[in-house]
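I have placed the structure first, in the form of structure tokens, so that the comments after it can refer back to it.
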Amino acid sequence: MELKRAYFASSATEFLACSEDSVLGALTASSEFSVDPPQRNAWLEEIRLLREVLTAFASAEVLLEFVVPRLGKRIDAVLLVQGAVIVLEFKTGATAFTRGDMEQAWDYALDLKNFHETSHHRTIWPVLVITGAQGRLTKGELRSPDGVADPSFVSADRLGELLQQMVGLRVEEGLPDGAWESGRYRPTPTIIEAATSLYRRHAVHEIARHGAEAKNLSCTSEKVASIIRQSRDASCKSICFVTGVPGAGKTLVGLDVATRFQDAQSELHSVYLSGNGPLVAILTEALARDRIRQERRDGRTLRKGEARQAVKSFIQAVHHFRDEGLKDPSPPPEHVTIFDEAQRAWNLAKTADFMQRKKGRIGFQQSEPDFLISCLDRHEDWAVVVCLVGGGQEINTGEAGIAEWLEVVRTTYPHWQVHLSSQLTDSEYGAADAIAAMTGRPGIHFDDDLHLAVSMRSFRAEHVSAFVRQVLDLEVDAAAALYLGFAASFPLVVTRSVDCARRWLRSQARGSERYGIVVSSQALRLKPHAIDVRSPVDPVNWFLNDKDDVRSSYYLEDVATEFQVQGLELDWVGVVWDADLRHSGTGWQHHSFVGDRWQRIHKDDRRLFLKNAYRVLLTRARQGMVIVVPHGAADDPTRDPAFYDGTYRYLRGIGLPEVG
């Protein structure tokens, strides 16, 4: 069956032969929502305008209300003219061009270029059309190598003139009728976009890539769902461990499972839990804002407090779940809990210390994994714990790692079935010894479908996470070879200037693509560059607010650390590398700034946390990254140039080009 993404699609000749009422009827019939008079009038105005200008383009194709799949957006009109793709965003009645409207049109064009297969090799022109003014025309430049032009601005009376200018620039090979519309859509949404879409009850396979080169997220999601159903049907208790490289979609799998079983009245009701406070806060706020927008669009009002409360039944901070388990000894209402970043759960020492200081419970004898499993073990019939595990991402003192979960299951919960990712034995997960100790224990199952092998965060280059691992593991030749493979598609540069990095980030980003600066939480000698990691940043404002808000990442003033960005991503990232992690002739040197000087870090766990902090920072970018290694200052003993020069030479030696 031919795929139809537009409410209305035809050749220009067929469109001109149709009556206004028949086109309007097709749009109305295809709409998922009731069509109010303002929308009907806007459509009529667009139809009449297109009928005027398309008489000169009989060979064109016309697509109205083209659905940007799975992300809940529609492009007002797409024209296919001489092989080029023209994206039209109409603002009926508007008398001026706004930045937000311009970015909307640009975002649509970029979305098609990046994720719509039949648009990959097409010239794409984003056009903002206003109908409340006359005589306005500014054609965007075609300067980007990917073929997406800068936005064009035009008043309705000069739209035909603009189209003539565009099609005269370049003639491209056309496609058979309908072929462009039916091209596969392979989106790679941000975690915020993905969570929003899943919360609207889309499935994970609808918002994830489908290429043979990427592990199909739906396989892993379905595997977890099948373990849940099997545990329910067999009245048994199970724990499963899902692994994956940074950005592979572990959180996406967890959110998908939680939304599949979101009905609080169902015995399969699940809850997504995370110890990552910033991630929970950001997702909660993003989903609440989207819900309010959806309600407003439908003519209803919803208070933000109500919207947030509804989200909390879907996403919770793990500590809230833990505290409820302390207060109430009965089984929790959920039979299924999904713990994201399970490797960050607290060990016994940190849990006991917290319980004594904050809860008044002296002598508490359970680690956080032990206590969380015990809460689900209160169910008499069945329960499932899903642990989403990132390798090499423990970044704070007291984080137990995944070995603690396995040891607890082995010693305390022998009746639980254990489903393990086949990759959990890899060194980066630190679980090989714990798995070996479980040899001979019944109920152990290894499964390839519980591992996500390919990062999809950097959709321009899937091997960035592997490259970062090689850089941090000092595998110079391998890193250099891997970099050459993605250098053309994923801009990765170094500079000695923070101001140069800011300029680079602003110049790279288009539309509403988000950019920001991230630094290590131990980067305490960046104050001369107006970067103070001890100045508190609100991650919700930093990640969600727009370019007009000085608190947003766009302003490039407030910076985020590994604690605020773990599990999240930006399109373009600036990493400012301080003297806490230094490259020398013998490898990495690890330092902490105490008082008025740097001190060497000798404890292995703290050295690992610092290395992992940089691993997190260097794997946040979706489209490109600039790394800043400052010059230092000869007259400042805390910023001796020798602290920085080795790191700069190391990165340049791998092949990273310098800008500025």
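Heavy atoms only: backbone and side chains are in, while hydrogens, waters and symmetry mates are out. Numbers here simply count residues along the sequence, with the first being 1.
Asp447 places a side-chain N or O within 3.5 Å of a backbone atom of Asp449 that can act as its donor or acceptor partner. When atom types are taken as modelled, the side chain of Thr439 and the backbone of Ala436 share a donor-acceptor pair closer than 3.5 angstrom. Listed for the Asp473 side chain is no donor-acceptor partner under 3.5 Å among the backbone atoms of Glu475. A donor-acceptor contact shorter than 3.5 Å links the side chain of Trp542 to the backbone of Asp558. Panel note: side chain His602, backbone Arg607; no donor-acceptor pair is recorded below 3.5 Å. Not a single donor-acceptor pair under 3.5 Å links the side chain of Gln356 to the backbone N or O of Gly363. Without hydrogens or angle criteria, Ser226 side chain to Lys223 main chain gives a donor-acceptor distance under 3.5 Å.
The CZ atom of Phe563 sits 15.0 Å away from atom CG of Leu279, with the distance rounded to the nearest 0.5 Å. The structure places CG of Leu472 at 5.5 Å from CZ of Arg615, a figure rounded to the nearest 0.5 Å. Atoms CD1 and OH, on Ile627 and Tyr614 in that order, are 10.5 Å from each other to the nearest 0.5 Å. Asp448 CG to Ser422 OG: the interatomic distance, rounded to the nearest 0.5 Å, is 3.5 Å. Separation of atoms CD (Gln566) and OG1 (Thr619) is listed at 8.5 Å; rounding is to 0.5 Å. Distance check, rounded to the nearest 0.5 Å: CG of Asp290 to CD of Glu295 gives 10.5 Å.
Aromatic rings from Trp416 and Trp382 are positioned such that their centres are separated by 6.0 Å or more.
Atom NZ of Lys312 sits in a sparse spot, with 12 or fewer heavy atoms from other residues, nucleotides or ligands closer than 6.0 Å. Crowding of Arg534 atom CZ: a count of heavy atoms from other residues, nucleotides or ligands under 6.0 Å not exceeding 12. Other residues, nucleotides and ligands contribute over 12 non-hydrogen atoms within 6.0 Å of the CZ atom of Arg378.
The aromatic rings of Tyr515 and Tyr554 sit perpendicular to each other, their planes meeting at more than 60°, with 30° as the lower class boundary. Aromatic ring pairs are classed by plane angle as parallel below 30°, tilted from 30° to 60° and perpendicular above 60°; the pair Phe241 and Trp405 is perpendicular.
Between Glu399 and Arg344, at least one side-chain nitrogen of the basic residue sits less than 4.0 Å from a carboxylate oxygen of the acidic one, meeting the salt-bridge criterion. Classification of Asp571 and Arg622 as a salt-bridged pair holds, one side-chain N sitting under 4.0 Å from a carboxylate O. Salt-bridge check for Arg232 with Asp381: failed, with every basic side-chain N at 4.0 Å or more from each acidic carboxylate O. With respect to Arg260 and Glu222, a salt bridge is recorded, a charged nitrogen being found less than 4.0 Å from a carboxylate O. For the pair Arg229 and Asp233, the salt-bridge criterion is not met [side-chain N within less than 4.0 Å of a carboxylate O]. Under 4.0 Å is where a charged nitrogen must lie from a carboxylate oxygen, and between Asp549 and Arg551 at least one such pair does. Ionic pairing of Lys250 and Asp340 is not present here: no N-O contact between side-chain nitrogen and carboxylate oxygen is shorter than 4.0 angstrom.
Inspection of the His451 and Thr243 side chains reveals an N or O donor paired with an N or O acceptor under 3.5 Å. Side-chain polar atoms of Gln417 and Ser231 form no donor-acceptor pair below 3.5 angstrom. Side-chain contact check for Ser367 and Asn347: no donor-acceptor pair (N or O, by modelled atom type) lies under 3.5 Å.
Within the 4.5 Å cutoff, the side chain of Lys237 has heavy atoms near those of the Asp377 side chain. The shortest distance between side-chain heavy atoms of Leu283 and Ile192 falls below 4.5 Å. Within the 4.5 Å cutoff, the side chain of Glu285 has heavy atoms near those of the Arg308 side chain. Within the 4.5 Å cutoff, no side-chain heavy atoms of Val576 are placed close to those of Val559. Contact of the Ser374 side chain with the Gln366 side chain is registered, since non-hydrogen atoms from C-beta on lie closer than 4.5 Å. Side chains of Leu326 and Arg361 form a contact here, defined as non-hydrogen atoms less than 4.5 Å apart. Between Leu255 and Ile191 the shortest side-chain heavy-atom distance falls below 4.5 Å. Using a 4.5 Å heavy-atom cutoff, the side chains of Ser520 and Leu617 are in contact.
Of all heavy-atom pairs between Tyr429 and Ile402, the closest is O-CG2, 3.5 Å. In terms of heavy atoms, Ile239 sits closest to Cys387 at CD1-SG, 4.1 Å. Minimum heavy-atom separation, Phe593 to Gly595: CE2-O, 3.3 Å. Contact detail for Gly567 and Asn276: the closest heavy-atom pair is N-ND2, 4.4 Å. The two atoms that bring Gly430 and Ala403 nearest to each other are O-CB, 3.6 Å, heavy atoms only. Across all non-hydrogen atoms, the minimal contact from Val336 to Leu376 is N-CD1, 4.4 Å.
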Practice problem: List the steps, then state whether side chain to side chain donor-acceptor pair (under 3.5 Å) holds for Thr561 with Gln564. | Solution: CA-CA 5 Å; Thr561 71; Gln564 280 110 28; 3.2 Å; yes

Audit row: Leu372, Thr337, side-chain contact (heavy atoms from CB on, under 4.5 Å) steps and yes/no: CA-CA 9 Å; Leu372 294 172; Thr337 54; over 6 Å; no

Check the pair Glu368 / Lys350 against salt bridge (charged side-chain N to carboxylate O under 4.0 Å, His left out), numbers first and verdict last. CA-CA 9 Å; Glu368 196 167 45; Lys350 184 162 184 175; over 6 Å; no

**Asked** Is there a side-chain contact (heavy atoms from CB on, under 4.5 Å) between Val565 and Val616 once you walk through the steps?
**Response** CA-CA 8 Å; Val565 301; Val616 169; 4.1 Å; yes

Original post:
side-chain contact (heavy atoms from CB on, under 4.5 Å) between Asp256 and Val253: does it pass, once the steps are laid out?
Top reply: CA-CA 5 Å; Asp256 180 59; Val253 168; 5.7 Å; no

Report the C-alpha distance between Arg303 and Glu306 in whole Å, list the side-chain angles of each, state the deciding distance to 0.1 Å, and finish with yes or no for side-chain contact (heavy atoms from CB on, under 4.5 Å). CA-CA 5 Å; Arg303 291 188 296 112; Glu306 294 175 320; 3.6 Å; yes

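Applying the side-chain hydrogen bond (donor to acceptor under 3.5 Å, both in side chains) test to every pair with at least one member in residues 325-334, sequence neighbours left out, gives these pairs: Asp328-Ser330.
The only option from Phe364, Phe371, Trp346 that meets the ring-ring contact (aromatic ring centres under 6.0 Å, His included) definition with Phe354 turns out to be Trp346.
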